[in-house]
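Data block below; observations after.
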Amino acid sequence: MDWFPLLLSLRVATVATLAAGSLGVALAYALAMGRFPGRRLLEAIASLPLTLPPTVLGYYLLVVLGRGSTLGGWIEAVTGSPLVFTWQGAVVAATIPSLPLVVRPARAAFEDVDPAVLEAARIDGGSRLHQLLFILLPLGRRGITAGLALAFARALGDFGTTLMVAGNIPGKTQTMPIAIYDAVQAGRWDVATTLAVVLSLVSIGLLVGIGRLGERVL
């Protein structure tokens with residue numbers, strides 16, 4: 001069995017979860033605590049990956065990040081290589097669908113914090129950053145942890161968006177879901193079955209591990 005797709009899937013899912021976690025918590029904080037023009041629009045955009053088909057989401061990313069786009073050209077000029085059809089492109093493709101899975105539970109966790117606690121911190125001179133680091137994040141850790149676990153599972157199993165942005169290049173961008181699809185297309189059912197079982201077992205093992213770690217930490 002070729003272990004590259006599994007190792008790549010784990011690497012992509014790990015980096016994508018870190019990216020979705022960082023951006024998702026920031027967005028959740030802004031939506032939960034901020035009152036600014038365009039808040040409803042930002043909320044809708046943050047939830048959009050939940051409703052768009054993965055291929056449509058991947059198409060938009062391909063248009064925005066492709067070599068012919070302004071952003072894609074800038075990234076290629078800075079890094080020396082295009083972002084699309086690389087494993088880094090797969091990370092971006094896996095991050096976007098995972099983002100709402102962090103934003104929603106994290107936002108709910110922030111909104112559940114008693115406003116009196118935040119007001120007391122403000123009266124004592126606590127800045128917004130202090131409130132975030134020492135009140136909101138500790139009290140909202142259950143929701144954030146749940147969101148990160150969902151984001152990792154979503155990133156690990158992403159297919160359509162990753163295929164559109166990173167392609168299907170064996171040994172370079174071929175993740176486990178794409179490898180399974182490739183094996184089915186080629187009529188190699190034994191390979192597809194093995195890959196599907198391995199991916200399922202790894203996913204179950206990781207989610208159980210994350211759950212136990214969360215129980216100990218929380």
Side-chain angles (χ1 to χ4, degrees), residues 1-24 45-67 69 71-72 75 82-105 146-210:
M1 173 181 164
D2 181 9
W3 292 98
F4 179 85
L6 176 60
L7 296 176
L8 179 62
S9 291
L10 292 173
R11 179 167 62 167
V12 168
T14 300
V15 180
T17 301
L18 292 174
S22 303
L23 184 57
I45 293 174
S47 300
L48 196 59
L50 292 176
T51 58
L52 282 179
T55 50
V56 175
L57 192 59
Y59 173 75
Y60 284 142
L61 288 174
L62 195 59
V63 170
V64 172
L65 300 173
R67 302 186 72 173
S69 70
L71 181 58
I75 292 173
L83 181 60
V84 295
F85 303 119
T86 64
W87 78 270
Q88 293 90 344
V91 169
V92 176
T95 298
I96 300 303
S98 303
L99 191 60
L101 302 177
V102 178
V103 173
R104 286 176 169 258
L148 291 176
L150 290 173
F152 185 86
R154 178 66 180 80
L156 188 65
D158 186 74
F159 173 75
T161 313
T162 300
L163 184 62
M164 290 289 287
V165 177
N168 178 15
I169 307 174
K172 186 177 180 182
T173 66
Q174 191 181 66
T175 59
M176 280 291 272
I178 296 175
I180 294 169
Y181 173 80
D182 199 40
V184 171
Q185 289 292 97
R188 295 179 288 132
W189 291 94
D190 54 336
V191 175
T193 300
T194 301
L195 294 175
V197 170
V198 169
L199 182 60
S200 299
L201 293 176
V202 169
S203 300
I204 292 171
L206 288 172
L207 291 176
V208 170
I210 291 173

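This is a predicted model, so every value here is computed, not measured.
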For this session: Just do the side-chain contact (heavy atoms from CB on, under 4.5 Å) check on Leu156 and Leu199 with the steps written out, would you?
Result: CA-CA 9 Å; Leu156 188 65; Leu199 182 60; 4.0 Å; yes

Exercise. Should we say atom OH of Tyr181 is surrounded by more than 12 heavy atoms from elsewhere, each under 6.0 Å from it?
Worked result: no

Problem set entry | Donor-acceptor contact below 3.5 Å, side chain Thr173 vs main chain Ala166 | yes

For this session: Give the minimum heavy-atom separation between Ala94 and Ala155, together with the two atoms involved.
Result: CB-CB, 3.9 Å

Seminar exercise, completed: Taken to the nearest 0.5 Å, the spacing of Leu195 CG from Ile180 CD1 works out to 5.5 Å

Problem set entry | Closest heavy-atom pair and its distance - Phe85, Met164 | CE2-O, 4.2 Å

Exercise. How long is the span from the CG atom in Asp2 to the CG atom in Leu8, to the nearest 0.5 Å?
Worked result: 10.5 Å

Exercise. Atom CG in Leu52, atom OG1 in Thr161: separation rounded to 0.5 Å?
Worked result: 9.5 Å

Problem set entry | Minimum-distance pair of heavy atoms, taken over all atoms of Val191 and Ala183 | CG1-CB, 4.1 Å

Exercise. Does some side-chain heavy atom of Thr162 sit less than 4.5 Å from a side-chain heavy atom of Pro177?
Worked result: no

For this session: Check step by step if side-chain contact (heavy atoms from CB on, under 4.5 Å) holds for Val92 and Val165.
Result: CA-CA 8 Å; Val92 176; Val165 177; 5.5 Å; no

Problem set entry | Short side-chain to backbone donor-acceptor contact, Ser9 and Met176, under 3.5 Å | yes

Problem set entry | Residue of the set Ile75, Val64, Val91 for which side-chain contact (heavy atoms from CB on, under 4.5 Å) holds with Leu83 | Ile75

Exercise. When rounded to the nearest 0.5 angstrom, what is the spacing between CD in Gln174 and CZ in Phe4?
Worked result: 8.5 Å

Exercise. What pair of heavy atoms forms the shortest contact from Thr17 to Phe152, and how long is it?
Worked result: OG1-CA, 3.2 Å

Problem set entry | Minimum heavy-atom distance between Pro97 and Asp158, given as atom pair plus value | CG-OD1, 3.9 Å

For this session: With the side chain counted from C-beta on, respond yes when Asn168 and Leu163 share a heavy-atom pair under 4.5 Å apart, and no when they do not.
Result: yes

For this session: Rounded to the nearest 0.5 Å, what's the gap from CZ on Arg104 to CG on Leu150? Could you check?
Result: 12.0 Å

Exercise. Less than 4.5 Å apart, any side-chain heavy atom of Leu10 and any of Val202?
Worked result: yes

Exercise. For the atom pair CD1 (Ile169) and CH2 (Trp87), what is the distance rounded to the nearest 0.5 Å?
Worked result: 14.5 Å

Problem set entry | Considering all heavy atoms, the nearest Thr95-Ala20 contact | CG2-N, 3.8 Å

Problem set entry | Heavy-atom side-chain contact between Thr175 and Pro5 under 4.5 Å | no

Problem set entry | Heavy-atom side-chain contact between Ile96 and Pro49 under 4.5 Å | yes

